[in-house]
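Chain identifiers are assigned alphabetically (A, B, ...) following the order of the sequence lines, protein sequences preceding nucleic acid strands; residue numbering begins at 1 within each chain.
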There are 2 protein chains.
Amino acid sequence: MIGAAILAGTFAEGEFLDEAVLAREVGTSRTPVREALHRLQAERFVDLVPRRGAQVRVVTATEMRQIYQARFVIEANAIGKICDRRLGAPPEAPELIEALETAGRNQDWNEFAQLDQRFHSCIVQHQGNAVLAQMYDSLRPRQVRLAVRTITQGPERFPTIEREHRELEAALNAHDASLSTRILNVHLQEVPELVRAFSE
Amino acid sequence: MIGAAILAGTFAEGEFLDEAVLAREVGTSRTPVREALHRLQAERFVDLVPRRGAQVRVVTATEMRQIYQARFVIEANAIGKICDRRLGAPPEAPELIEALETAGRNQDWNEFAQLDQRFHSCIVQHQGNAVLAQMYDSLRPRQVRLAVRTITQGPERFPTIEREHRELEAALNAHDASLSTRILNVHLQEVPELVRAFSE
DNA sequence: TGGATGCTCCGTGTATACAAGGTGTCCACA
DNA sequence: TGTGGACACCTTGTATACACGGAGCATCCA
């Protein structure tokens with residue numbers, strides 16, 4: 001529900017969310033709000049503490065680093081398998097890269113972040129393991145909130161991202177696992193470094 | 001809630017669960033039952049199809065194989081990191097192995113399956129990445145249902161499991177990443193093979 | 001006799017009322 | 001004046017009643 005969207009940036013970390021207030025704002029009753037909050041807990045947006053309610057989770061720099069490590073573990077594995085089986089880059093890759101560059105030129109950062117995610121997600125899916133793909137995608141919501149912060153602070157990074165996507169596609173098509181992994185490693189290490197730069 | 005326990009073995013795959021009936025059986029109202037079903041969806045036990053209700057998911061052989069692949073990806077990564085940093089086996093490992101052997105002697109298969117999971121889980125946690133650890137543990141519920149089937153069919157495997165756990169602990173203490181990974185690979189490949197043997 | 005359409009029933013989705021528990025404040029006593 | 005206890009209010013957890021939508025069956029027409 002829209003609850004997720006609302007949470008993306010509008011509530012303070014650590015804040016307790018009042019079901020009745022949310023219900024009034026959304027124009028519905030408490031029941032759907034409760035269900036939305038439970039979904040948000042599953043997505044690690046909030047902690048549901050008994051008899052107290054839903055507390056907006058603080059995403060620490062440590063957790064963010066761990067999320068990117070997790071991404072690397074899953075995506076590097078996918079890349080390895082893709083190169084082993086000589087599958088080449090995913091068929092959707094070219095158009096996603098194209099769209100990403102368009103979004104970059106238009107400075108549409110929302111679209112940019114979404115396309116970036118879809119690019120990486122389709123690589124993981126290309127491996128053919130739905131369980132791993134679903135796990136990978138489940139990391140997304142937690143990255144979104146961060147994305148809002150990073151985008152506003154470091155837009156000069158975008159050309160780099162675009163270039164690395166193209167390089168990764170080429171490396172996959174060349175079935176070069178070691179090169180692909182190196183590119184991915186650099187690509188995924190930039191963001192945590194940016195985060196650390198903010199928070200320290 | 002107990003809903004999870006109920007589901008562990010009592011409902012047919014593909015069956016639609018009636019909220020009112022469940023509520024009556026548990027002795028509560030529909031509201032908590034609904035919440036439980038939503039949690040079960042998050043744990044991939046059921047599919048919530050709109051206006052139809054909660055359908056018990058069929059866990060296919062393919063999905064099971066993918067789950068074990070996912071386990072291998074995460075746990076092998078953990079092993080690699082543990083050996084790199086020369087951390088050695090987790091401190092809880094010896095007592096878990098001990099308890100596992102006791103459970104095996106007593107033919108307490110429920111306890112056995114649980115301890116097996118805890119052993120592997122603590123290896124992943126030993127790496128220190130909570131996000132990956134949580135992902136790894138989230139695979140557990142789907143394996144439980146299978147465990148019931150496998151245990152009844154192949155109890156002769158248990159000494160092998162115990163031996164491999166001991167070998168893995170030793171390899172971790174020797175900081176031997178490649179040996180540890182080989183042991184894990186064999187260890188995790190047995191179950192999917194067993195599954196395939198049943199379902200084909 | 002087969003297919004399509006409409007009706008009815010059943011089950012989920014939502015709203016609201018009630019119960020229970022916790023937190024914060026206020027007052028009394030040391 | 002500070003601390004401890006009790007009470008009241010507020011918020012979550014649960015129950016129940018109502019609305020909405022779909023699925024299945026029966027009937028009618030070709």
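Rounded to whole Å, the distance from CZ on B:Arg34 to P on C:dA15 is 12 Å. Distance, B:Gln41 CD to C:dT12 P: 14 Å, rounded to whole Å. Rounded to whole angstrom, the span from the CG atom of B:Asp18 across to the C1' atom of C:dC9 amounts to 13 Å. When the P atom of D:dG13 is taken as reference, atom NE2 of A:His38 falls 7 Å away, rounded to whole Å. Between the CG atom of B:Leu22 and the C1' atom of D:dA15 there is a distance of 17 Å, rounded to whole Å. Rounding to whole angstrom units, CG of residue A:Asp47 and P of D:dT12 are separated by 15 Å. Rounded to whole angstrom, the span from the CG atom of B:Leu37 across to the P atom of C:dG11 amounts to 14 Å. Per the geometry, CZ belonging to B:Phe16 stands 11 Å off P belonging to C:dG13, to the nearest Å.
Residue contacts for A:Glu35: at a heavy-atom cut-off of 4.0 Å it reaches no nucleic acid atom on any strand shown.
Rounded to 10 degrees, the angle between the two end axes of the helix from C:dT1-D:dA30 to C:dA30-D:dT1 is 10°, with five pairs used at each end.
In terms of the side chain to side chain donor-acceptor pair (under 3.5 Å) criterion, B:Arg24 has no residue partners (sequence neighbours excluded). B:Asp47 pairs by the side chain to side chain contact (heavy atoms under 4.5 Å, CB included) definition with B:Arg57, not counting sequence neighbours. Checked against side chain to side chain contact (heavy atoms under 4.5 Å, CB included), B:Ala23 has the following partners two or more places apart in sequence or in another chain: B:Arg30, B:Val33. Applying the side chain to side chain donor-acceptor pair (under 3.5 Å) rule to B:Arg85 yields no partners; only residues at least two apart in sequence or on another chain are considered.
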Task: A:Glu43 and A:Arg140: CA distance, side-chain angles, deciding distance, salt bridge (charged side-chain N to carboxylate O under 4.0 Å, His left out) verdict - done: CA-CA 9 Å; A:Glu43 291 172 352; A:Arg140 171 144 211 256; over 6 Å; no

Scan nucleotides 16-24 of chain D against the protein and return all N/O pairs shorter than 3.5 Å with their distances rounded to 0.1 Å.
{"unit_1": "D:dC20", "atom_1": "O2", "unit_2": "B:Arg51", "atom_2": "NH1", "d": "3.0"}

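Taking OG1 of A:Thr60 as the reference point, atom CD1 of A:Ile67 lies at 8.5 Å (rounded to 0.5 Å).
Applying the side chain to side chain donor-acceptor pair (under 3.5 Å) definition to pairs two or more places apart or across chains, those involving residues 111-131 of chain A are A:Glu75-A:His120, A:Asn77-A:Gln127, A:Asp116-A:His165, A:Gln117-A:Gln143, A:His120-A:His165, A:His120-A:His187, A:Ser121-A:Asp137, A:Asn129-B:Gln69.
For the pair B:Thr28 and D:dA15, the criterion of a side-chain N or O lying under 4.0 Å from OP1 or OP2 is met.
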Would you mind writing out the side-chain donor-acceptor pairs for residues 92-105 of chain B within the sub-3.5 Å range, not counting sequence neighbours?
{"unit_1": "B:Glu101", "atom_1": "OE2", "unit_2": "B:Arg166", "atom_2": "NH1", "d": "2.1"}
{"unit_1": "B:Thr102", "atom_1": "OG1", "unit_2": "B:Glu98", "atom_2": "O", "d": "3.0"}

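Hydrophobic cluster membership of B:Val49, counting Ile, Leu, Val, Met, Phe, Trp and Tyr whose side-chain heavy atoms lie under 4.5 Å apart directly or via other members: B:Phe16.
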